[in-house]
Asker: 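Please see the structure below; I have some questions.
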Amino acid sequence: MKGITFGSYHSYDDFGLILSGKEIGSPEPKVNQVDVEGSDGVLDYTDYFGDVKFKNRSLSFIFSTLGQTPAQFMEKFTEVHNAIHGKMMEIILDDDPEFYYVGRVTVNQWKANRNLAEIIIEVDAEPYKMELHEKTVALPATVMNLRKMVVPKVVVSGTVTVHKCDVHIELKEGVHIVPEFELSEGENDFTITGDGSASLVFRRGCL
């Protein structure tokens, strides 16, 4: 049965909850505009520093239980509450298993009517959903990135100079974090020179 994973708990496998509805909100852009007196329109500085920033997004899930007594309904509600309410967790949708969201979970409401009970769970989530697995790309390469800008780890064997556009940085053996090698959306071209090898390790995110 398809459902939602909250941290280490699966809604159906661990709680026996049936997913009956879900809503994935879109993160609102952090718009920065200045209204200048005497001029048309506004000055928009939203992406002045290179990319658009976003507010958190809302996730909402409705779960049902069937054929239980009122006491069993309450016991299930208490079980779910104790397991996930108020916690910062990774959330994975069975319908989108290659990505996860990160957010604060709220077990918001419980409603019971005869043999049917519903539990509503909401998440105040970070704007980007992240790939479940990190990527490792050996250089030289054209590295494809998704929407979220990310600074990769550079894993070096030997001594090499890594080139990205007009940035040329010599790195010795080890793992390095180089802000100048931040990956933008789309294609990012890297080459290397020197006596050694290098690879990038990173996790991509998208909206």
Side-chain angles (χ1 to χ4, degrees), residues 1-31 51-136 145-153 175 177 179 182-183 185 200-207:
M1 179 73 70
K2 285 191 175 182
I4 311 295
T5 299
F6 299 93
S8 60
Y9 300 99
H10 187 269
S11 56
Y12 183 79
D13 295 342
D14 293 299
F15 300 134
L17 299 177
I18 300 169
L19 180 63
S20 55
K22 62 178 181 288
E23 183 176 329
I24 309 300
S26 179
E28 180 184 347
K30 292 184 176 180
V31 176
D51 65 332
V52 179
K53 303 301 181 184
F54 295 92
K55 299 179 182 179
N56 276 7
R57 71 197 309 167
S58 297
L59 315 179
S60 181
F61 308 103
I62 301 175
F63 298 97
S64 302
T65 60
L66 297 172
Q68 295 184 331
T69 66
Q72 289 172 323
F73 289 154
M74 182 55 69
E75 182 179 349
K76 179 65 63 178
F77 185 61
T78 300
E79 178 188 1
V80 175
H81 238 111
N82 287 332
I84 66 175
H85 182 63
K87 295 182 179 180
M88 182 68 74
M89 310 184 90
E90 293 182 359
I91 295 94
I92 302 173
L93 282 63
D94 284 0
D95 287 334
D96 193 15
E98 296 303 315
F99 292 89
Y100 67 90
Y101 300 87
V102 175
R104 185 74 61 186
V105 178
T106 301
V107 182
N108 189 45
Q109 192 174 11
W110 171 71
K111 296 187 297 182
N113 182 14
R114 294 189 179 183
N115 293 327
L116 173 67
E118 288 186 342
I119 295 176
I120 299 175
I121 299 176
E122 296 179 339
V123 182
D124 180 26
E126 296 174 0
Y128 289 98
K129 63 179 183 180
M130 305 301 296
E131 283 188 320
L132 200 58
H133 304 290
E134 285 188 325
K135 291 192 175 295
T136 300
N145 189 33
L146 300 177
R147 180 67 182 271
K148 180 179 173 61
M149 298 177 71
V150 60
V151 177
K153 292 181 288 188
V175 179
I177 303 295
E182 183 176 55
L183 304 177
E185 181 183 7
L200 303 183
V201 180
F202 58 99
R203 191 185 306 273
R204 301 188 301 178
C206 64
L207 298 173

Asker: Compare all side-chain heavy atoms of Lys30 with those of Lys55 and state whether any distance is below 4.5 angstrom.
Answerer: yes

Asker: On a heavy-atom basis, which atom in Ser11 and which in Gly3 lie closest, and how many Å separate them?
Answerer: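 Minimum heavy-atom contact is OG-CA, 3.4 Å.
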
Asker: Just wondering, do Val123 and Phe6 contact through their side chains at under 4.5 Å, heavy atoms?
Answerer: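 Of all side-chain heavy-atom pairs linking Val123 with Phe6, at least one is under 4.5 Å.
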
Asker: With rounding to the nearest 0.5 angstrom, report the OH to CG distance, Tyr128 to Leu146.
Answerer: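 One gets 10.5 Å once the value is rounded to the nearest 0.5 Å.
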
Asker: Using 0.5 Å steps for rounding, measure from the CD1 atom of Ile91 to the CD1 atom of Ile84.
Answerer: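 If I round to the nearest 0.5 Å, the distance is 8.5 Å.
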
Asker: Is Arg57 reaching over with its side chain to a backbone N or O of Ala125, donor-acceptor style, under 3.5 angstrom?
Answerer: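 Absent.
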
Asker: Are the side chains of Glu90 and Met130 in contact, using a 4.5 Å heavy-atom criterion?
Answerer: no

Asker: Atom CD1 in Ile177, atom NZ in Lys153: separation rounded to 0.5 Å?
Answerer: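 Those atoms lie 7.0 Å apart.
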
Asker: Once you round to the nearest 0.5 Å, how far does SG of Cys206 lie from CD of Glu131?
Answerer: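 It comes to 7.0 Å.
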
Asker: Using a 4.5 Å cut-off on heavy atoms from C-beta on, say whether the side chain of Leu17 contacts that of Tyr12.
Answerer: no

Asker: Return all side-chain donor-acceptor pairs below 3.5 angstrom for residues 95-102, not counting sequence neighbours, or 'none' if the list is empty.
Answerer:
residue : atom : partner : partner atom : Å
Asp95   : OD1  : Lys2    : NZ           : 2.9
Asp95   : OD2  : Lys22   : NZ           : 3.1
Asp96   : OD2  : Lys129  : NZ           : 2.7

Asker: Looking at every non-hydrogen atom in both residues, tell me the closest pair between Leu207 and Pro27 and how far apart they are.
Answerer: CD2-CG, 3.7 Å

Asker: Does any non-hydrogen side-chain atom of Phe63 lie less than 4.5 Å from one of Val80?
Answerer: no

Asker: CG of Leu59 to CG of Asp124: how many Å apart, nearest 0.5 Å?
Answerer: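 Reported value, rounded in 0.5 Å steps: 9.0 Å.
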
Asker: For Leu132, does its backbone N or O pair with a side-chain atom of Arg203 as donor and acceptor, under 3.5 Å?
Answerer: yes

Asker: Taking Phe15's backbone N and O only, do any of them form a donor-acceptor pair with Lys76's side chain (distance below 3.5 Å, no angle check)?
Answerer: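 Here the side-chain-to-backbone pair exists.
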
Asker: Just so I know, are the side chains of Glu122 and Ser60 near enough to count as touching, which here means a heavy-atom distance under 4.5 Å?
Answerer: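 Side chain of Glu122 against side chain of Ser60, heavy atoms only: contact under 4.5 Å found.
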
Asker: Atom CD of Glu134 and atom CZ of Phe202: how far apart are they, to the nearest 0.5 Å?
Answerer: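 Atom-to-atom, Glu134:CD and Phe202:CZ are 9.5 Å apart.
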
Asker: For His81, which residues count as a ring-ring contact (aromatic ring centres under 6.0 Å, His included) partner, sequence neighbours excluded?
Answerer: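 If we apply the ring-ring contact (aromatic ring centres under 6.0 Å, His included) test to His81, skipping adjacent residues, the hits are Phe77, His85.
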
Asker: Taking C-beta and beyond as the side chain, do Pro152 and Val201 meet within less than 4.5 Å on heavy atoms?
Answerer: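 Not in contact.
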
Asker: Near Glu75 CD, under 6.0 Å, is it more than 12 heavy atoms from other residues, nucleotides or ligands?
Answerer: no

Asker: Are Ile24 and Phe61 close enough, and set up right, to give a side chain to side chain contact (heavy atoms under 4.5 Å, CB included), and what steps lead you there?
Answerer: CA-CA 9 Å; Ile24 309 300; Phe61 308 103; 4.2 Å; yes

Asker: Mind checking whether His10 and Asp94 have side chains closer than 4.5 Å, heavy atoms only?
Answerer: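 Side chain of His10 against side chain of Asp94, heavy atoms only: contact under 4.5 Å found.
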
